[in-house]
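Report on the structure given below.
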Amino acid sequence: MNGLCCCTPCKPRYRRLVDSIYPRAVTDGLLHSNMQKLTFYAISHPEKLERIGEYLVMRMVRDLNRQRPVQVKIAVEAMDQLLQACHSSPSLPQFSENHLRMVQRLLESNNAKMEQLATDSFVTFSNIEESSPSYHRQYDFFIDKFSQMCHANPQAAYGEDFRLARCAGLRGLRGVVWKSVTDDLHPNIWEQQHMDKIVPSILFNLQEPDDNGGFSSSHIPKFDNNFTDSTQSHRGDDEATPKVLSDRCLRELMGKASFGSLRAVIEPVLKHMDLHKRWSPPPSFAIHVFRAIIYSIQSQNSYFVIQELINHLDSMCSADASTRIGIATVLSSIVSIAGTSIGPLLLSIFNSLLKHLRTSVDFERSGKCSDQPAEKMYQEALINAMGDFANALPDYQKVEMMMFTVGNIPNLDERKSKQGEEFLQHVLVKTLLKVATKYRTAYLATVFTDSFLDTLLRLALVRDPQVRLATQQIFHTLLDRHDNAANLVHLGYELDVADVQLTVEKCSRADQMFMRKHIGDITYMLWRAAAAADETDLSTHADAILCTMSLLCIEVGFEESLVELFRLSMALQQLALDIKQNFSDAKRNSIHNIVAKYMNLSAQLIANPSLCQQVQHVVGCRAQRGIPGLNLLLSVKESPMNDDPLSSTAVNGTIPEGTPRTITEGDHALLFNIEDVAESLKASGKDASRLFVPFNMSLNGRDGNGDSWQREDGQNFDSTDGRESPDGYKTVGIDDVSVDMSVDWTPPISRKQSRRNTIFSIVNPPKLNASTVDDLKAYANASFDPIEEDRKEKELTGSILSEIRNTDFEERVNTNESLNERGDLSKSIARLLVRNGETTKVRDIGRPTKPKNVFEIELPSFAY
């Protein structure tokens with residue numbers, strides 16, 4: 001029976017209660033007293049809840065068709081109150097279907113106010129937690145409609161209220177997401193077809209330009225994880241703008257996405273950035289979006305977003321440089337946030353970035369690149385991304401990144417390197433420097449492994465001056481553990497080093513062992529770097545070499561390394577004086593300044609007054625001589641170019657005729673005397689014998705200026721690791737040596753006399769026939785007669801030649817063996833053992849023979 005055609009007494013009670021909530025006057029709202037009766041009836045009779053919903057929808061549709069907005073609003077309000085009051089009713093799923101049917105009819109009306117009303121009602125529904133699952137509910141229509149509302153514009157039916165329509169659409173999508181992920185057996189909204197509608201709608205409103213026409217996230221408030229929304233909070237509030245709501249929707253969507261759903265969300269984001277050209281620098285919008293994504297998802301899944309960005313960069317390898325710059329910049333901005341979860345794909349991600357860097361370098365050098373400045377910006381963005389990536393990693397992984405980068409540096413043989421490889425070297429060394437700046441050195445041996453240090457030493461001597469300079473900066477970064485490099489990078493001549501504000505601590509035992517092994521290689525590299533310093537940027541290279549020497553003095557300033565650095569200083573001074581080298585006067589003066597500044601710094605740091613006095617004397621004499629570029633006593637204000645060795649301005653502005661332009665070997669007062677330096681070091685208790693070991697080079701291999709250098713230094717070659725170490729400082733570890741305890745091994749004969757050689761024999765002993773003290777005195781006081789000595793030498797030579805000619809070879813061998821038998825350690829020990837064995841045999845004569853084992857013992861007869 002159709003209740004609409006019945007009289008009031010014949011209607012069922014639930015219909016009469018529904019009719020009673022409508023007022024007689026249109027201006028009146030919902031009758032709350034009658035609404036309470038309806039609510040009580042619905043709670044008391046849950047089986048009637050579905051019919052109540054159907055009747056309310058029927059009346060709402062009739063009023064909607066008759067253009068009665070007040071009655072429509074009353075019906076919607078009544079449905080919302082019943083929905084909230086009966087949330088635990090067993091008939092709630094059926095009532096919810098009627099509620100959603102009502103919302104759908106309101107959204108289909110294409111009336112902006114009705115759509116706002118429907119959105120508010122749907123948001124109320126989305127906050128209801130249902131106790132029983134819904135098996136057949138679908139949200140496809142609501143996703144389509146709310147996405148359409150998110151793209152509302154003034155030209156459409158919404159007019160000036162298009163922003164309200166966008167907000168309503170965003171809140172509707174937010175409700176769909178919330179309801180879908182909280183319902184049991186919820187429909188899968190993470191399918192690609194749904195995400196292709198939801199994500200672009202959110203991003204479309206998030207990219208809304210500001211008053212100045214650009215994107216800014218300054219007006220977006222801090223994100224709140226709680227999903228709270230009400231009909232009062234979205235109207236007339238500054239917070240309820242499309243940009244703010246879209247930011248919240250995006251964060252909530254990513255927060256509710258599982259690991260398996262991330263790809264379905266990330267792909268529409270990347271597609272939106274491509275279509276709307278949001279990668280173009282500066283990619284502030286893309287950075288904001290991906291930072292919101294990284295902060296919203298679970299931390300252990302952050303690496304997936306990084307990997308998706310890198311994969312997208314792979315697919316965009318042929319795109320414009322501006323697009324690739326934007327993607328690299330976004331990577332650089334978010335990689336530090338996701339760094340703690342990148343462990344599983346650490347080398348894979350870093351290798352991908354290096355691969356893109358190499359590809360960009362090859363593309364730039366191929367001649368097909370139409371915009372080289374943009375390509376260089378892309379390379380810088382990748383380098384910054386790798387630096388920020390390394391900054392988020394623990395120290396041990398930073399070391400791995402540096403080793404990995406070093407392994408990708410191309411051929412370091414300067415005689416075989418090509419121009420493209422040199423450019424790639426330059427880029428990768430900049431990358432290594434960027435990573436090194438993020439690392440904090442604890443022990444030198446931890447970061448300077450043999451392979452890593454060897455590569456750095458070779459990089460410091462390649463042909464490209466920029467690579468050499470960057471390598472020195474890498475040494476500065478890794479050696480500096482007390483933030484002294486900033487004060488040493490442009491070190492001048494300081495009368496009081498305390499003004500430089502340096503932090504000096506005692507060198508650890510581990511660092512001492514490391515430097516004993518490698519100080520020779522490092523000083524050799526510094527010597528060659530000074531010889532190969534670029535003439536066009538001489539002051540920068542000189543400052544870098546001086547900074548490295550100063551950091552070595554401060555960080556590992558124990559006795560042996562200090563002596564080696566003083567020895568290097570003397571070698572550099574000799575290099576500047578060598579007239580065989582094709583150096584300009586400016587370069588020679590620059591090297592002299594390096595020596596003077598370092599001597600001044602080290603002398604004050606080790607508190608050696610005599611050495612400080614020598615340095616002051618030499619610097620003062622140089623200032624009086626007036627050689628341009630060597631006067632270190634002038635202040636910067638008095639002579640801005642005084643410390644620039646390229647300057648051709650003398651003290652008074654012009655160079656008098658006849659004034660020398662550099663120091664020569666005859667200017668003893670202007671040079672540091674190695675003997676005086678050694679005496680000063682000995683006076684302070686240091687062993688300066690190593691200072692006199694020559695530090696010589698000859699021309700052979702290529703250097704940066706086309707010259708070639710080969711080491712002829714008196715260094716021992718350590719065959720255990722292929723490296724060289726100074727005489728007297730050579731040390732080996734437990735793993736580097738095998739000890740042979742056999743007495744049959746005889747050490748090779750050494751030219752140097754040692755205790756090992758002199759115990760049993762003396763090489764070429766003097767023939768002295770003296771049996772009394774008077775004979776010894778006569779021999780000691782006898783005058784040297786060169787003619788007589790020459791005669792004896794000829795007689796000795798003749799006798800040796802006669803013996804060689806007249807004696808058989810085997811006889812001479814037997815004679816020499818018998819003469820050298822006493823001096824042979826193994827034979828002497830063998831002779832002693834034989835003699836000891838004969839003595840034992842004599843002592844055991846007459847004693848019964850001892851049985852060899854228990855089975856040879858003869859038992860008495862009664863034992864059987």
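If you read the sequence from its start, that first residue is 1, and numbering goes on from there. Keep in mind that the numbers below use all heavy atoms, side chains included, and drop hydrogens, waters and symmetry copies.
By the 4.5 Å heavy-atom criterion applied to side chains, I74 and P23 are counted as neighbours. Within the 4.5 Å cutoff, the side chain of N111 has no heavy atoms near those of the L117 side chain. Residues F389 and M401 form a side-chain contact, since some pair of their non-hydrogen atoms from C-beta on lies under 4.5 Å apart. Put simply, the side chain of T329 does not reach to within 4.5 Å of the side chain of W279, judged on heavy atoms. Looking at heavy atoms from C-beta onward, E115 lies in side-chain contact with K145 at the 4.5 angstrom threshold. Residues M273 and I327 are not in side-chain contact: their nearest non-hydrogen atoms beyond the backbone lie 4.5 Å or more apart. Side-chain atoms of I334 and L309, non-hydrogen and from C-beta on, do get closer than 4.5 Å to each other. Residues V289 and R278 have side chains not in contact (no heavy-atom distance under 4.5 Å, counting atoms from C-beta outward).
L245 and C167 make their closest contact through CD1-CB, 3.6 Å (heavy atoms, listed as atom of the first residue, atom of the second, distance). Here the closest heavy-atom approach between residue Q104 and residue F142 is recorded as N-CE2, 4.2 Å. The heavy-atom pair separating T119 from G172 by the smallest distance is CG2-N, 4.0 Å. The heavy-atom pair separating D80 from S121 by the smallest distance is OD1-OG, 2.8 Å. Across all their heavy atoms, S333 and I287 have their closest contact at OG-CD1, 3.5 Å. Across all non-hydrogen atoms, the minimal contact from S302 to I297 is CA-CD1, 3.9 Å.
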Would you give me the side-chain donor-acceptor pairs under 3.5 Å for residues 36-49, sequence neighbours excluded?
unit_1, atom_1, unit_2, atom_2, d
T39, OG1, M35, O, 2.8
S44, OG, F40, O, 2.8
H45, ND1, Y41, O, 3.3

Contacts under 3.5 angstrom, residues 375-383 side chains, donor-acceptor by atom type, not counting sequence neighbours:
unit_1, atom_1, unit_2, atom_2, d
E375, OE1, R324, NH2, 3.1
E375, OE2, R324, NH1, 3.0
E375, OE2, S360, OG, 2.7
K376, NZ, E364, OE2, 3.0
Q379, NE2, S360, OG, 3.2
Q379, NE2, E364, OE1, 2.7
E380, OE2, K430, NZ, 2.2

Q: Begin from the C-alpha positions of M79 and V57 and carry the test side-chain contact (heavy atoms from CB on, under 4.5 Å) through to its verdict.
A: CA-CA 9 Å; M79 290 285 283; V57 172; 4.1 Å; yes
Q.
Quick one, L83 with S96, criterion side-chain contact (heavy atoms from CB on, under 4.5 Å). Give me CA distance, side-chain angles, the key distance, then yes/no.
A. CA-CA 8 Å; L83 191 65; S96 299; 4.0 Å; yes
Q: Apply the test side-chain contact (heavy atoms from CB on, under 4.5 Å) to residues Q207 and H276: give CA-CA distance (whole Å), side-chain angles for both, the deciding distance (0.1 Å), then the verdict.
A: CA-CA 10 Å; Q207 71 184 11; H276 291 262; 3.6 Å; yes
Q: Carefully, step by step, assess H99 and Q94 under the rule side-chain contact (heavy atoms from CB on, under 4.5 Å).
A: CA-CA 9 Å; H99 180 270; Q94 294 80 9; over 6 Å; no
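Looking only at atom types and distance, the side chain of S332 has no donor-acceptor partner in the side chain of N384 under 3.5 Å away. For the residue pair H151/N205, the side-chain donor-acceptor check at 3.5 Å is not satisfied.
Between the side chain of W190 and the backbone N or O of S261, no donor-acceptor pair lies under 3.5 Å. A distance-only check finds a donor-acceptor pair linking the side chain of R358 to the backbone of N408 [under 3.5 Å]. Side-chain N or O atoms of S126 include one that pairs as donor or acceptor with a backbone N or O of V123 at under 3.5 Å. At distances below 3.5 Å, at least one donor-acceptor pair connects side-chain atoms of N98 with backbone N or O atoms of E50. Of the possible donor and acceptor atoms, one in the side chain of S246 sits under 3.5 Å from a partner among the backbone N and O of P242. A donor-acceptor pair under 3.5 Å is formed between the side chain of S366 and the backbone N or O of F363.
The CG atom of D274 lies 3.5 Å from the NE2 atom of H312; values are rounded to the nearest 0.5 Å. Atoms CD and CD, on E267 and Q192 in that order, are 5.0 Å from each other to the nearest 0.5 Å. Distance OG/S296 to CZ/F290: 12.5 Å, rounded to 0.5 Å. For the atom pair CD1 (I293) and CG (L262), the distance works out to 9.0 Å, reported to the nearest 0.5 Å. To the nearest 0.5 angstrom, M316 atom CE is 9.5 Å from L270 atom CG. For the atom pair CZ of R166 and OG1 of T241, the computed distance is 11.5 Å after rounding to the nearest 0.5 Å.
D63 is linked by a salt bridge (Lys or Arg N to Asp or Glu O under 4.0 Å) to R68, counting only residues two or more places apart in sequence or in another chain.
Under the 30°/60° scheme for interplanar angles, the aromatic rings of Y14 and Y55 are found to stand perpendicular. The aromatic rings of Y139 and F122 sit perpendicular, their planes meeting at an angle over 60°, well past the 30° parallel limit.
Taking the ring centre of Y22 as origin, the terminal cationic atom of R59 falls inside the region bounded by 6.0 Å and 45° from the ring axis.
Of the candidates N311, I337, I349, I349 is the only one forming a side-chain contact (heavy atoms from CB on, under 4.5 Å) with I306.
A salt bridge does not link D388 with K434: every distance from a Lys NZ or Arg NE/NH1/NH2 to an Asp or Glu carboxylate oxygen is 4.0 Å or more.
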